[in-house]
Amino acid sequence: MNLESTMQSVVAQYAKILYNVDIEANQIQIQKTKREFEGDITVVVFPFAKLARKAPEVAANEIGEYFLEHNPIVSAFNVIKGFLNLSINTSFWLETLECIHANQSFGHAYIEEDAVTMMIEYSSPNTNKPLHLGHVRNNLLGFSIAEIQKANGWKVVKTNIVNDRGIHICKSMLAWKLFGNGETPASSGMKGDHLVGKYYVVFDKEYKAEIKELMTHDLTEEEAKKKAPLILKAQEMLLAWENNDAEVRQLWETMNGWVYAGFDETYKQMGVDFDKIYYESQTYLTGKSEVERGVAEKVFYQRDDSSVWADLTPDGLDEKLLLRADGTSVYMTQDIGTAKLRYNDFEIKKMVYVVGNEQNYHFQVLSILLDKLGYAWGKDLVHFSYGMVELPEGKMKSREGTVVDADDLMAEMINTARETSMELGKLDNCTPDEIETIARMVGLGALKYFILKVDPRKNMTFNPKESIDFNGNTGPFIQYTHARIKSVLRKATDLGIDYKAEIDKELQISEKEVYLIQLLSEFPAIIKQSGEEFSPALIANYEYELVKEFNQFYHEFSILKEENEALKHFRLVLSESIAKVIKTGMGLLGIEVPERM
RNA sequence: GGUCCUGUAGUUCAAUGGAUAGAACAAGUGUUUCCUAAACACUAGAUCCGGGUUCGAUUCCCGGCGGGACUACCA
């Protein structure tokens, strides 16, 4: 029970006593008092002043008086318009801090044995090219919301559906076969996914050349695209794949193997992982049988050309194709198949798909289809939809080669972090290993924080330079603050200061310190809200506010030099609690915080 | 055309229907006997337009205008 909800029910109770007004506790608005006013928390009186037919000021004053008489944690109050500002007893805040300090897993809900399962799908790459900036946003969001839901008491299964079959991978395979000269990751020294991606580009280049050549022979562009020998060969290869042609399958497995090794490295570097990976090659047939079941149950219908459709016009949408006339499956069919496999593998109560907003329509449809097929979680599946990431230079376009590769980006961030730190002489006393660890934490922290602090729905601009700035609302700034607090605590330990003992409840502390404790006490509510709204940004912005507040405090007050032992002790406890909340909060964003930097 | 998302300082981002719309970057001015100056303080600057609901609107509703995505027998 936190202060806010306690206050809500108390105020509701008082309203009943004073005015005989019935109001739900959660209808009472409680907020933190703004800085420029006296007090700690504020009751917004307007709503029930109206019900009580009292002028807001009058009602606010009466409730304030009642508080003073009957509730010892309120030490003073003032009224401005319809806002009742209450000051809370210092001893209440001191007790609150002690609880926070003592609670090892502060902010985390305990996961019960019988907790329900939420499955979160994210990443979902194609196997014909390396991961790029768009995947970075996807992976970071997916991993972070999984962590947040765990903190909120869900059992979470992180999953990835790999699009390992289709014409795209055949293009890479074909180009490698024709132009590759047997090149392998080992022989070329290239990462596997990059090597395969290279041949995807080769295919595209040669294919375009063929189209151009054909167009000089009086073919339109459309015709040329369809008749170019390379595309015909690629389609042939896809067919051979579907028919289990041994040689094609062998090549497919080899090249996908290279790609997976490459992806693993990228995921590892990014710090994301999965509990269960599905492969499209294993799920697409299941989808077909599910669709056939739908036809049998008359949820879907078959046309004369034997293609299968779902009529979604009653839902205000179009008709949607599910199986082609030749019986092959489309994207939607695969998602249905994957859903069935997952349903069999886990007891899923909630399904979350982290997929870009260009697929909003697709998931609207999928939700309806799964519901019609009888999946309990179909109706309210969450499409966690996010916007595009752009660079300051403009949009990414694969054709113009302006795609930002995930591996390159991470390497660049780490390099910048290392260079900046070296320049500032911050790592002078570190071993090469320590330097690498810190550079990695800071570089990746900058990237992650910058991306996660933004509302996912919005398209955003990723500015590498700005993200790694050590000032402002950035990851490194928060990491740095954590390291500083840890440094103070180390020194305190060296000086033999004991800050595990109880805090003196009679201590006089400043408004700023009360504000910091109040901020800390809101942390669990922030995590809860982040979980409900699937919003890592909420946590990121909270972290920044906390750190900024602490920095001001830190400059205003000395900690170790304080003469008053009780006060010194209190400030150390406060600092340690803040460090704990920073670490926990950043952990929910998938960001590591260094002990020193 | 239809559907969905979005519009806040020069820029990048905030703001459960609440008080004088917050930060950061960029610009300008300061602060180092100091626990990490990779810090802190100060100055200047914004809700696309028009209606409506409300004691009160950046937020909710309606209508414009601008940006993006989707609207494939591609995935």
Side-chain angles (χ1 to χ4, degrees), chain A residues 26 29-31 33-37 42 44-47 49-50 55-56 80-83 85 124 126 128 163 165-169 280 305 307-309 316-318 321-326 328-332 334-335 356-362 364 385-388 390 392 395 420-421 423-426 442 450 453-455 457-463 465-474 476-477 479-481 483-492 495 525 529 533 537-538 540-541 544-545 548 551-562 568 571-572 575 596-597:
Chain A
N26 56 18
Q29 290 183 52
I30 307 280
Q31 52 194 258
T33 303
K34 296 229 173 191
R35 302 307 283 278
E36 52 271 32
F37 301 104
T42 297
V44 183
V45 182
F46 294 105
K50 206 177 169 188
I80 295 166
K81 291 196 263 178
F83 298 95
N85 300 323
S124 308
N126 288 355
N128 60 326
N163 298 310
R165 51 144 237 135
I167 192 74
H168 49 87
I169 180 70
E280 193 194 298
D305 65 358
S307 60
V308 175
W309 295 74
L317 303 171
D318 297 335
L321 177 89
L322 298 172
L323 283 178
R324 295 191 188 100
D326 64 5
T328 54
S329 54
V330 294
Y331 181 37
M332 189 63 75
Q334 291 147 22
D335 265 351
N357 62 11
E358 69 275 8
Q359 294 192 31
N360 284 355
Y361 182 72
H362 174 85
Q364 208 182 336
S385 163
Y386 60 90
M388 296 188 352
E390 290 167 23
K395 274 189 185 176
T420 313
S421 305
E423 256 171 47
L424 291 162
K426 286 290 165 185
V442 173
F450 196 93
K453 75 173 181 182
V454 180
D455 180 343
R457 282 171 305 185
K458 289 184 178 170
N459 287 356
M460 66 171 296
T461 306
F462 175 65
N463 186 334
K465 217 179 209 165
E466 203 177 299
S467 77
I468 210 158
D469 198 327
F470 292 92
N471 293 323
N473 190 355
T474 64
F477 177 50
Q479 291 172 316
Y480 173 59
T481 304
R484 268 158 78 209
I485 295 175
K486 285 297 187 180
S487 163
V488 172
L489 294 173
R490 274 193 301 272
K491 246 168 221 176
L495 293 171
Q529 201 188 342
E533 297 177 19
L538 228 48
N541 286 300
Y544 177 60
E545 193 186 343
K548 191 164 165 52
N551 270 308
Q552 288 169 12
F553 157 79
Y554 182 87
H555 267 261
E556 206 166 300
F557 301 100
S558 60
I559 297 175
L560 296 179
K561 292 207 163 176
E562 178 58 55
K568 188 193 290 182
R571 285 180 178 159
L572 284 168
S575 300
R596 62 183 82 209
M597 67 187 273

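Numbers restart at 1 for each chain; the letters A, B, ... are given by sequence-line order, proteins then strands.
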From [options], nucleotide with atom closest to [X] side chain:
X        : options             : result
A:Asn85  : B:C73, B:A19, B:C35 : B:A19
A:Gln29  : B:U20, B:C35, B:U16 : B:U16
A:Phe477 : B:C40, B:U16, B:C25 : B:C40
A:Tyr554 : B:A69, B:C74, B:U36 : B:U36

Using the [atom1] atom as the point on both nucleotides, what is the distance between [M] and [N], in whole Å?
N     : M     : atom1 : value
B:G7  : B:C13 : P     : 11 Å
B:U36 : B:A27 : P     : 29 Å
B:A21 : B:G64 : C1'   : 25 Å
B:U11 : B:U47 : P     : 13 Å
B:U54 : B:G17 : C1'   : 9 Å
B:G28 : B:U16 : P     : 34 Å

Just how far, in rounded Å, is [atom2] of [N] from [atom1] of [X]?
X        : N     : atom1 : atom2 : result
A:His555 : B:A37 : NE2   : C1'   : 7 Å
A:Arg484 : B:C34 : CZ    : C1'   : 12 Å
A:Phe46  : B:C55 : CZ    : C1'   : 6 Å

For a quick test of reading the model: is some side-chain N or O of [X] closer than 4.0 Å to OP1 or OP2 of [N]?
X        : N     : answer
A:Gln552 : B:A41 : yes
A:Arg165 : B:C74 : no
A:Lys81  : B:C55 : no
A:Arg457 : B:U6  : yes

Would you tabulate the pairs of protein nitrogen or oxygen atoms and nucleotide nitrogen or oxygen atoms of nucleotides 8-15 of chain B closer than 3.5 angstrom?
unit_1	atom_1	unit_2	atom_2	d
B:C13	OP1	A:Thr461	N	3.2
B:A14	OP1	A:Asp455	N	2.5
B:A14	OP2	A:Lys458	NZ	2.9

Heavy-atom side-chain contact between A:Phe462 and A:Val454 under 4.5 Å: no
Taking only N/O atoms, report every protein-nucleotides 28-32 of chain B pair under 3.5 Å with atom names and distance.
none

Touch class at under 4.0 angstrom, heavy-atom based, for A:Thr42 against every strand present: base
